[in-house]
Number of protein chains: 2
Amino acid sequence: MSTSDTGYVERRQGGETRAEIQRVARELFTSKGYEATSMREIAEALGIKKASLYYHFAGKEEILRSLVQQRGAEAENLLDWIARQPQQPELLRLAVLRWVESFSKEKLKGIRFISANPLLMDAIEQHPDERIGSTLVAIVDALASLLPERSPVTVLRLRMALLSINSAVEAAHRESFTDDEIVAAARANAAAAIDALLAHA
Amino acid sequence: MSTSDTGYVERRQGGETRAEIQRVARELFTSKGYEATSMREIAEALGIKKASLYYHFAGKEEILRSLVQQRGAEAENLLDWIARQPQQPELLRLAVLRWVESFSKEKLKGIRFISANPLLMDAIEQHPDERIGSTLVAIVDALASLLPERSPVTVLRLRMALLSINSAVEAAHRESFTDDEIVAAARANAAAAIDALLAHA
DNA sequence: GTCTATACGGTGATAGAC
DNA sequence: GTCTATCACCGTATAGAC
């Protein structure tokens with residue numbers, strides 16, 4: 001609040017304005033969808049004019065890109081972690097549950113945003129080194145070799161287990177479930193799916 | 001091809017044009033999203049001009065409504081079927097699998113359309129007697145009373161089991177899985193989820 | 001950093017000829 | 001039933017004053 005001679009506060013506010021835009025945009029993109037949300041609506045929710053947004057972001061799509069780029073690092077982390085573990089079938093369960101459990105309250109907002117705009121991810125053409133869906137594919141590949149019986153159906157079931165947290169968010173949509181309940185349900189169903197996959201016929 | 005004096009062929013073509021519009025619109029709404037699809041694009045895909053669409057449908061939203069109304073009857077059927085069965089825990093498994101299995105090749109297109117446009121369903125405000133999501137809620141309510149242990153988490157897990165077919169479609173997105181594989185994976189994971197719910201602690 | 005004003009294209013939709 | 005022509009509107013984005 002003080003230190004008006006350093007300019008520090010002003011610069012910090014600028015950074016926070018950017019973050020505020022991202023927060024409001026993510027909320028609107030989640031509730032109304034990316035295409036149905038206009039720059040004017042974002043600006044109004046912030047109490048500014050829409051032209052002011054273009055000082056902080058080059059355009060609507062750049063706001064979107066900044067949101068998706070915030071994610072992706074944790075998928076890389078899981079991939080690295082998997083490579084360092086003993087490669088046995090039990091790793092399937094450990095990796096899937098580690099992934100599901102990693103979604104705390106704050107990260108669920110990212111899941112909701114993605115769930116509300118499923119087509120954006122493959123339409124956005126990220127830079128080759130910043131892909132997010134492809135590392136999830138790599139995780140599935142790494143884990144699929146541990147399956148007792150590897151077939152298209154079992155690989156798809158493994159994918160479903162990894163995406164349990166997304167399924168839980170979507171199943172809870174428009175109903176009154178807490179974030180803790182959503183994570184608990186995702187964990188339980190993911191565990192059940194992995195159990196069935198490991199108990200091979 | 002003949003019978004040019006009855007007018008029957010012409011009338012039948014008219015009906016087929018309406019169905020063609022619905023087919024093309026559903027494809028575009030599925031691949032690009034409803035908001036991102038313009039009336040001009042739908043018309044071009046059909047080889048006609050945009051204004052001609054308004055002869056068959058009052059507007060873009062009416063095309064959408066006609067698509068969602070095509071579904072919903074089968075949910076009602078399941079609800080009726082459930083009411084006529086002996087009310088025991090095993091009915092959980094039978095009902096969920098019956099629901100998942102009911103999605104043949106053709107009906108999966110409807111799931112893909114819904115999965116690609118998740119926000120449309122609660123934005124469309126259907127007539128009170130034509131709701132689709134609410135009957136699914138009624139199904140969950142009817143089945144939840146059969147749960148060995150009823151809690152928010154188990155109810156949510158039951159919801160997830162019912163929506164396994166949706167999860168399978170989304171998990172298969174952008175990957176090369178056949179429709180049969182998708183249904184098989186959905187059935188397997190739904191069964192695993194129900195098994196875990198019935199094996200109460 | 002935010003504002004007003006504006007350019008420009010695409011959108012859903014309608015009117016009326018054929 | 002399909003067309004051409006046209007409408008009003010809203011979208012993103014930019015220019016330039018303050």
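Residue numbering restarts at 1 for every chain, and letters A, B, ... go by the order of the sequence lines.
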| task | Answer yes or no on whether A:Lys60 is positioned over the face of A:Tyr34, meaning its NZ or CZ is under 6.0 Å from the six-membered ring centre and within 45° of the axis. | result | yes
| message | In the structure I gave you, are the side-chain heavy atoms of B:Phe113 and B:Glu27 within less than 4.5 Å of one another anywhere? | response | no
| query | D:dG11 P sits how many Å from A:Leu64 CG, rounded? | reply | 18 Å
| Rounding to a whole Å, what distance do you find between A:Tyr55:OH and D:dA13:P? | 18 Å
| query | Do B:Arg150 and B:Val155 have side chains that get closer than 4.5 Å, going by heavy atoms? | reply | yes
| message | I need a per-nucleotide contact map over nucleotides 3-18 of chain C, read 5' to 3'. Cutoff is protein heavy atoms under 4.0 Å; write B for the base, S for backbone only, - otherwise. | response | BB------SBBB----
| Between A:Lys50 and A:Glu41, is the closest basic N to carboxylate O distance under 4.0 Å? | no
| Test item: B:Gln85 side-chain N/O and B:Trp81 main-chain N/O as donor-acceptor pair under 3.5 Å | yes
